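Note that the structure is a prediction, hence the values are computed from the model and not measured.
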Amino acid sequence: ANFPLVSSQHLKIHPFSVSQFDLYIRVPSIMIQIERYVMVNEFRGSKKIVCHTEDLFLATSTASYDPLRNSEPLETVGDSVLKLITSMFLFVKQPLVSESDLTEKRIQYITNEVLMHLGLYSRVPYFLKTTKKNANEWRPPYMKHEEKIIKHELTGKQIADCVEAIIGASFLYDYSLYYPTVLLKQLGLPVYGIIINSHLIRDSSLVIPKEFIPDPSEAFHENLTYQEMNQYFRKSDGKQLKTGCGKAYAKIKLLKEKHRWDEAKYGAILISTVLARFEREILQYKFKNKAYLLFALNGQADKTNPLFYQSYESLEFLGDSVVEIYVISNAYRLFKTWNKEITPEILQNLKITLLSNAFMARVAVMNEFHRYLITPSPELLEEIDAFTAHASFKKKFVSFVKHELQIPKILSDIFESLAAALLYDGGWKAVHQVYGRLFGPYISFFCHYHKKMETNIVERLKQKALAQYSFNLIII
């Protein structure tokens, strides 16, 4: 090594110790961080954002500012929160509109362009950081020096992502929908005001009860199968899985024809017998309003029959976003509780695994949802029966994700529609009672063994392509 030799008589005792000198040279970096926290608190106060300061700090930090601690995980949470609140608003406003029309309207409300304009209106670019300030150029306030004016290049997507991340930070304050809904109203979307006083918003803690979250170190091993996971919070009767789509209604349909019951009597007996058994044995929850349960399980709308005039589709539209935020928020919370790393890649793998049609279809079949599907078409009956006959539930859960083309989408649809039916019938407590029990073991298992989960390459490429979409270069 090349370094000068200094004689001992020229050495002097420095007034600072090594630790003091180390602190001294760190002062500029510390002061830059303090300045950022002051700006973040100023932003939070000006917009009356209810959230933790650290989360808002991350929400306004891009990946180029800090590759390790940035807004990307919060964007995923915020995107799901925004999707659910918008779905609830549209469902309340237009409950009889078709699922496809509702989906199209939802897209119009939450496009990147809409979020970008909200961000510009709220001065988000002023607080959004894309590059770190050079610590060598820091000077104390009021000290005269030439400060370089740096222009930050922001894309519209970066601003939109920041808005989503701020929504996510607001949600994580107490894992409820109230503060994000208030925030959306303050950001310039007053339409959400019509649902803000709903009990589904005000009393909306999405945290799964502790009794439904097993401790993986005590309860799990990585070779658990689907069947073993599904039986974790169910009383196993040792019987083989029942198959046959819609077969729960076989006897009552024969009785209807034999005794020539009218639709009113048929509906009353249907609810008091078959659906009562579904509530008691499968859901372990009793609906207050049976109409929600009928709509959630009805495969085809029959406008001539007041009992079955509406199908599951509008409930499935809402249930899709209910299930998504339910899984993502509880997994995020477990990662934080267990001090595990949270990255966008992990959250995307979570969505690919626990929110895929393949997963929800299997859980629906394992819990015999398909047996209670009302009025499915003959073609659909054959498709579902073929899937249940060939689907294996004894494979290891860590290697379950395969690219299967023959998964009847209606199985995942009724899984989602039932979630929405439970939400509107009994609030989030009803969702916890049924879906907390169903999802708890899988979420806990994924958070513990996510590095060993095998995910579908097709889904990964699709998510990567969506993540790279960008638009509207803006110079701030």
Side-chain angles (χ1 to χ4, degrees), residues 39-40 42-51 55-65 70-94 101-131 150-173 177-196 201 321 324-325 344 465-476:
M39 289 182 68
V40 165
E42 178 190 337
F43 180 47
R44 185 175 65 172
S46 65
K47 297 301 173 185
K48 298 180 181 178
I49 302 172
V50 179
C51 66
D55 285 336
L56 190 57
F57 184 92
L58 294 176
T60 53
S61 303
T62 63
S64 58
Y65 177 81
N70 53 62
S71 63
E72 290 182 344
L74 289 172
E75 289 168 29
T76 304
V77 177
D79 176 67
S80 298
V81 172
L82 183 60
K83 180 180 174 182
L84 174 58
I85 295 175
T86 307
S87 300
M88 292 175 72
F89 163 70
L90 291 172
F91 187 79
V92 169
K93 187 180 179 184
Q94 299 173 311
D101 289 342
L102 286 172
T103 301
E104 188 176 337
K105 288 177 181 292
R106 181 174 64 193
I107 292 171
Q108 293 172 1
Y109 273 100
I110 57 177
T111 61
N112 279 342
E113 188 175 357
V114 170
L115 295 175
M116 179 195 70
H117 287 300
L118 287 179
L120 292 173
Y121 173 76
S122 305
R123 298 179 66 218
V124 163
Y126 177 73
F127 300 94
L128 179 59
K129 295 298 179 184
T130 57
T131 55
I150 302 173
K151 285 188 176 182
H152 298 283
E153 292 187 353
L154 297 176
T155 63
K157 187 175 186 305
Q158 283 178 316
I159 299 172
D161 288 346
C162 182
V163 172
E164 285 183 334
I166 293 169
I167 294 169
S170 181
F171 170 78
L172 294 177
Y173 181 74
L177 300 174
Y178 178 71
Y179 292 120
T181 309
V182 172
L183 174 62
L184 286 170
K185 186 177 179 182
Q186 291 169 345
L187 289 177
L189 288 175
V191 291
Y192 294 117
I194 69 172
I195 62 170
I196 208 167
I201 297 294
S321 47
E324 181 176 317
I325 187 58
L466 289 172
Q468 290 177 343
Y469 172 73
S470 185
F471 74 105
N472 277 0
L473 184 65
I474 300 173
I475 307 298
I476 305 298

Output a table of donor-acceptor pairs, distance under 3.5 Å, between side-chain atoms of residues 82-94 and any protein atom two or more places apart or on a different chain; print 'none' if there are none.
| from | atom 1 | to | atom 2 | distance (Å) |
| --- | --- | --- | --- | --- |
| Lys83 | NZ | Asp320 | OD2 | 2.8 |
| Lys83 | NZ | Glu324 | OE1 | 2.8 |
| Thr86 | OG1 | Leu82 | O | 2.7 |
| Thr86 | OG1 | Tyr192 | OH | 2.7 |
| Ser87 | OG | Lys83 | O | 2.7 |
| Ser87 | OG | Arg106 | NH1 | 2.8 |
| Ser87 | OG | Ser321 | OG | 3.3 |

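Asn70 and Thr62 make their closest contact through CB-O, 3.5 Å (heavy atoms, listed as atom of the first residue, atom of the second, distance). Residues Leu115 and Ala160 come closest through the heavy atom pair CB-CB, 3.7 Å. Taking both residues in full, the closest heavy atoms of Asn112 and Lys157 are given as ND2-CG, 4.1 Å, listed atom of the first, atom of the second, then distance. Considering every non-hydrogen atom in both Phe43 and Ile166, the closest pair reads CE2-CD1, 3.6 Å. Pairing each heavy atom of Ile159 with each of Gly119, the nearest pair is CG2-CA, 3.9 Å. Shown here for Ala169 and Leu56, the closest heavy-atom pair between the two residues is CB-N, 4.3 Å.
Val40 places a side-chain heavy atom less than 4.5 Å from the side chain of Thr60.
Going from atom OG of Ser46 over to atom OH of Tyr126 covers 10.5 Å, rounded to the nearest 0.5 Å. In this structure, CG on Leu118 lies 8.0 Å from CD1 on Ile167, to the nearest 0.5 angstrom. A distance of 5.5 Å separates CD in Glu104 from CD in Gln108, rounded to the nearest 0.5 Å. Considering NZ of Lys129 and CZ of Phe127, their distance stands at 9.5 Å, rounded to 0.5 Å. Once rounded to the nearest 0.5 Å, the distance linking CG of Leu128 with OG of Ser71 reads 7.5 Å. Once rounded to the nearest 0.5 Å, the distance linking OG of Ser170 with CG of Leu74 reads 11.0 Å.
Evaluation of the side-chain hydrogen bond (donor to acceptor under 3.5 Å, both in side chains) rule for Lys47 yields no partner, not counting sequence neighbours. Gln158 pairs by the side-chain hydrogen bond (donor to acceptor under 3.5 Å, both in side chains) definition with nothing, not counting sequence neighbours.
The number of heavy atoms from other shown groups lying within 6.0 Å of CD (Gln186) is above 12.
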